Structures are given as C-alpha cells and as structure tokens.
Amino acid sequence: KSIGAGYVAMSSMSFEFSEPDTLMEEATEAIGRITAASVSPAIRDADMNGVHVTEGDTIGIIAKEIVISGSDKMVSTYGLIDILLADQDKFMITVFYGKDATTEERDMLADYMLKTYPDIEAYYVDGGQEIYPFLFVAE
C-alpha cells in the first residue's frame, strides 16, 4: 500500500519458509505493526481532511491522507514526524532520503530527531526515490 510498507514486508520475510501463504502471513503481520508516511511537494491547491494545501507547499501523508501542509519543507517534515511518533508504542523510525533531500536537510532532520526524540531508534537510508524527499516507517 506504500513504499514503506513494501520495504517492511520484504525485509521481514524469512525465506526459510517455502510456503507462499506463510510468507504472506509474515509480511502482513509486519505491515500491521508499522505506520508509513511520506513528504511530498503539493502539485495543486486542495482542502483535504481539514488541511488546506497550496500548490508548492510541502505536504505530509499518512495512509494516503494529507495530515499536514506548509510552505517550509522542514517545518512540515518535523510536524509529520511529531504526528507519527505521537503513538507512544512507536520505538523506532526508518527515514529514507529521496534524491531531492539536500545534505543540509538530511543533517537538520537527524538533529531534530536526536534532540526531540532521543529515546527513539532512528535509522537513515539513502533511498534515492523520486518525488518524496523523505519517507518514514515508524514501528
């Protein structure tokens, strides 16, 4: 259902099981434990779920719903992280940097995570994906 969910499904599979049904059960169970989110530039004006979006804004998306929008990419990204990690059961986050995430933005994000969520395990992956400067998987 999302790039992050696909990553979790693939990385959680144990290929010692040869039965496709068993592999599918493992993947489905792993996906059920995560929340995937993405940051993207807005391509048009919109009002969705009580969030006003202006073309050119940076939007944060969880489960295909826009949950935050703003003119500053990093402020919107921090807000999305705050929404993701409001769930007290989340203990780990994986960040996938897209090709449009600058070195400065990567450093800013890592600093924000360290200062704001020092007890959360954070992992950073150069995903190189198009469109999304940041993808997140919270577990």
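Because the structure is predicted, anything quoted here is derived from the model rather than measured. All residue numbers in this chain count up from 1 along the given sequence.
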Taking the side chain as every heavy atom from C-beta outward, state whether [X] and [Y] have any pair of such atoms under 4.5 Å apart.
X      : Y     : value
Val125 : Val95 : no
Met113 : Ile93 : yes
Met48  : Val53 : no

- Straight-line distance of Ile68 CD1 to Asp82 CG, nearest 0.5 Å: 7.5 Å
- Query: In Å, rounded to the nearest 0.5 Å, how long is the span from OG1 of Thr77 to CE of Met108?
  - Reply: 9.0 Å
Heavy-atom donor-acceptor pair, [X] side chain to [Y] backbone, under 3.5 Å:
X      : Y     : value
Ser76  : Gly70 : yes
Gln129 : Phe96 : yes
Asn49  : Val51 : no

- Kindly indicate, with the supporting measurements, whether the criterion side-chain contact (heavy atoms from CB on, under 4.5 Å) is fulfilled by Phe136 and Leu80. CA-CA 9 Å; Phe136 302 99; Leu80 180 61; 4.0 Å; yes
Tell me which donor-acceptor pairs under 3.5 Å the side chains of residues 55-63 have, and how far apart each pair is, sequence neighbours excluded?
unit_1: Asp57; atom_1: OD2; unit_2: Thr54; atom_2: N; d: 3.1
unit_1: Asp57; atom_1: OD2; unit_2: Ser69; atom_2: OG; d: 3.0

- side-chain hydrogen bond (donor to acceptor under 3.5 Å, both in side chains) between Glu130 and Tyr132: does it pass, once the steps are laid out? CA-CA 6 Å; Glu130 306 266 337; Tyr132 306 105; over 6 Å; no
- Message: On a heavy-atom basis, which atom in Tyr124 and which in Ala110 lie closest, and how many Å separate them?
- Response: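 In this case the closest contact between Tyr124 and Ala110 is OH-CA, 3.6 Å.
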- Scanning both residues in full, the closest heavy-atom pair of Pro133 with Pro41 reads CD-CD, 4.5 Å
- Any pair counted as salt bridge (Lys or Arg N to Asp or Glu O under 4.0 Å), so long as it reaches residues 102-113, sequence neighbours left out: Lys73-Glu105, Arg106-Asp126
Report whether [X] and [Y] are members of the same hydrophobic cluster (ILVMFWY, side-chain heavy atoms less than 4.5 Å apart, transitive linking).
X      : Y      : answer
Ile131 : Val137 : yes
Ile66  : Ile83  : no
Leu109 : Leu84  : yes

- Task: Mind running side-chain contact (heavy atoms from CB on, under 4.5 Å) on Leu85 and Ile120 for me, showing each step along the way?
- Result: CA-CA 9 Å; Leu85 297 180; Ile120 296 288; 4.2 Å; yes
- Task: Check the angle between the aromatic planes of Tyr112 and Tyr117 and answer parallel, tilted or perpendicular using the 30° and 60° thresholds.
- Result: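 Perpendicular: the ring planes of Tyr112 and Tyr117 meet at over 60°.
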- Can you list the steps and then say if Phe91 with Asp119 is a side-chain contact (heavy atoms from CB on, under 4.5 Å)? CA-CA 8 Å; Phe91 64 94; Asp119 296 330; over 6 Å; no
